Amino acid sequence: MINEIKDIFGNTLEDELLFEINQVATYKEVLAGNKIIEIGDYIRSMPLLLSGAIKVLREDNEGDELLLYFLERGDTCAMTLTCCLGQSKSKVRAVAETDVKLVMIPIRKIEEWSGKYRSWRSFIFDSYHNRLNEMLYAIDNIAFLKMDERLLKYLEEKARIFKDGIIKNTHQEIAYELHTSRVVISRLLKKLENLGKLELHRNYILMK
DNA sequence: ACATTAATTGTGT
DNA sequence: ACACAATTAATGT
């Protein structure tokens, strides 16, 4: 495990800290589609993402979902960080988008290492910074972009995550994540296909 | 191989 | 948004 951690965090975190991570962290694999954190869960440990992608969703009071952002290799969940300060329940849901490998770090270590390692402090700080920016980006998308632009961005992001450019979702699933109806997605996808940006198939979309 | 059924996608109002 | 048509995949015989 230490090698995998080193590959990803070796540049940012010092060896001594990597060693400590290796001591206390537990390794975990999650298969695509499985929940990692549910809304209302208490958070006991902080995930570091080694590979794969996690989508982070918000849910409104009627139970409808909205995609906030994706986490990728080297990322951590900012929700956990806020929970570390004033401990509370998670306000988001995290679902494995692809098969995911991660290590879980006990929450109490976050603070301990903050005092001990300069590199850890800046890692936490950067994570916060990045996540806040992602949130603003998500808000901008929702508030200022039309659905067709949101869809295109969503598809581009997914295409990046699945390197082969094949997006294995039904229109209904996409509609859920973008918080709209299936018909709207179908129509917009058709438009994008006519523009030559993608190919539609049953149960998957091929990006070009 | 064919028929039946269910799920997904397309389209008009 | 709704209803329905068309298409495709899955399953059984």
Side-chain angles (χ1 to χ4, degrees), chain A residues 28-41 43 47 49-79 89-102 130-208:
Chain A
K28 210 174 160 190
E29 292 188 17
V30 182
L31 297 179
N34 288 347
K35 265 180 240 173
I36 296 170
I37 290 168
E38 179 55 281
I39 295 168
D41 281 358
I43 292 166
L49 201 39
L50 297 179
S51 72
I54 296 172
K55 64 184 170 194
V56 178
L57 304 149
R58 193 91 167 91
E59 192 180 75
D60 71 10
N61 36 25
E62 273 128 44
D64 293 326
E65 304 193 314
L66 175 64
L67 176 71
L68 289 181
Y69 50 78
F70 289 100
L71 296 175
E72 292 173 81
R73 115 195 283 256
D75 287 339
T76 187
C77 172
M79 194 71 228
K89 298 176 196 172
S90 178
K91 296 193 166 115
V92 298
R93 170 181 305 149
V95 180
E97 177 69 21
T98 64
D99 291 353
V100 161
K101 293 178 184 170
L102 42 80
N130 287 336
R131 219 41 60 199
L132 187 57
N133 280 337
E134 293 257 23
M135 291 290 281
L136 288 178
Y137 179 77
I139 290 171
D140 283 351
N141 278 344
I142 296 157
F144 303 130
L145 292 186
K146 299 201 163 65
M147 186 49 76
D148 55 347
E149 293 168 304
R150 282 178 64 197
L151 176 61
L152 193 54
K153 279 182 189 292
Y154 169 86
L155 293 171
E156 281 165 353
E157 204 157 20
K158 279 227 177 191
R160 193 165 45 74
I161 290 167
F162 300 103
K163 52 189 188 331
D164 49 6
I166 295 172
I167 298 165
K168 267 188 296 174
N169 283 309
T170 64
H171 300 179
Q172 182 65 73
E173 288 168 336
I174 296 170
Y176 258 112
E177 301 209 326
L178 297 183
H179 198 255
T180 179
S181 74
R182 197 272 306 164
V183 178
V184 169
I185 296 297
S186 289
R187 292 209 152 106
L188 291 175
L189 283 172
K190 201 75 202 156
K191 261 190 212 162
L192 292 173
E193 185 182 40
N194 292 334
L195 291 173
K197 294 197 183 279
L198 47 81
E199 274 176 34
L200 292 178
H201 300 269
R202 193 190 175 85
N203 281 313
Y204 71 96
I205 297 165
L206 179 62
M207 294 299 287
K208 300 213 235 190

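Keep in mind it's a predicted model, so treat the numbers as computed, not measured. So that the names make sense, note that chain A is the first sequence line, chain B the second, and so on, each numbered from 1.
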Worksheet item: How long is the line joining NZ of A:K168 and P of B:dT8, in whole Å?
Response: 15 Å
Worksheet item: Of A:I166, A:I205, A:I174, A:N169, which is the lone residue that meets side-chain contact (heavy atoms from CB on, under 4.5 Å) with A:K158?
Response: A:N169
Discussion item. I need the minimum non-hydrogen distance between A:A53 and A:E72, along with the two atoms involved.
Written reply: CB-CG, 4.4 Å
Response to the item:
Between A:P47 and A:T76, the two heavy atoms sitting closest are O-OG1, 2.6 Å
Discussion item. Under 4.0 Å between a side-chain nitrogen and a carboxylate oxygen: does that hold for A:K153 and A:E156?
Written reply: no
Discussion item. Tell me which residues in residues 141-148 of chain A lie within less than 4.0 Å of DNA chain B, going by non-hydrogen atoms.
Written reply: none
Worksheet item: Given side chains that start at C-beta, do those of A:L71 and A:R131 come closer than 4.5 Å, heavy atoms only?
Response: yes
Response to the item:
Between A:K89 and A:G40 the two heavy atoms that sit nearest each other are CD-O, 3.2 Å
Practice prompt. Taking only heavy atoms on the protein side, list every residue of residues 169-178 of chain A lying under 4.0 Å from any atom of DNA chain B, sorted numerically.
Written response: A:T170, A:H171
Worksheet item: Of the non-hydrogen atoms in A:R150 and A:L178, which two are nearest, and what is the gap between them?
Response: NH2-O, 3.0 Å
Worksheet entry | Where A:K208 and A:G196 come nearest, the two heavy atoms and their spacing | CE-O, 4.0 Å
Discussion item. What I want to find out is whether A:E149 reaches A:K146 closely enough, with some N-O distance under 4.0 Å, to be called a salt bridge.
Written reply: no
Item to complete: Taking only heavy atoms on the protein side, list every residue of residues 179-203 of chain A lying under 4.0 Å from any atom of DNA chain C, sorted numerically.
Response: A:S181, A:V183, A:R187, A:R202
Worksheet item: With side chains defined as the heavy atoms from C-beta onward, is the minimum distance between A:L192 and A:L155 less than 4.5 Å?
Response: yes
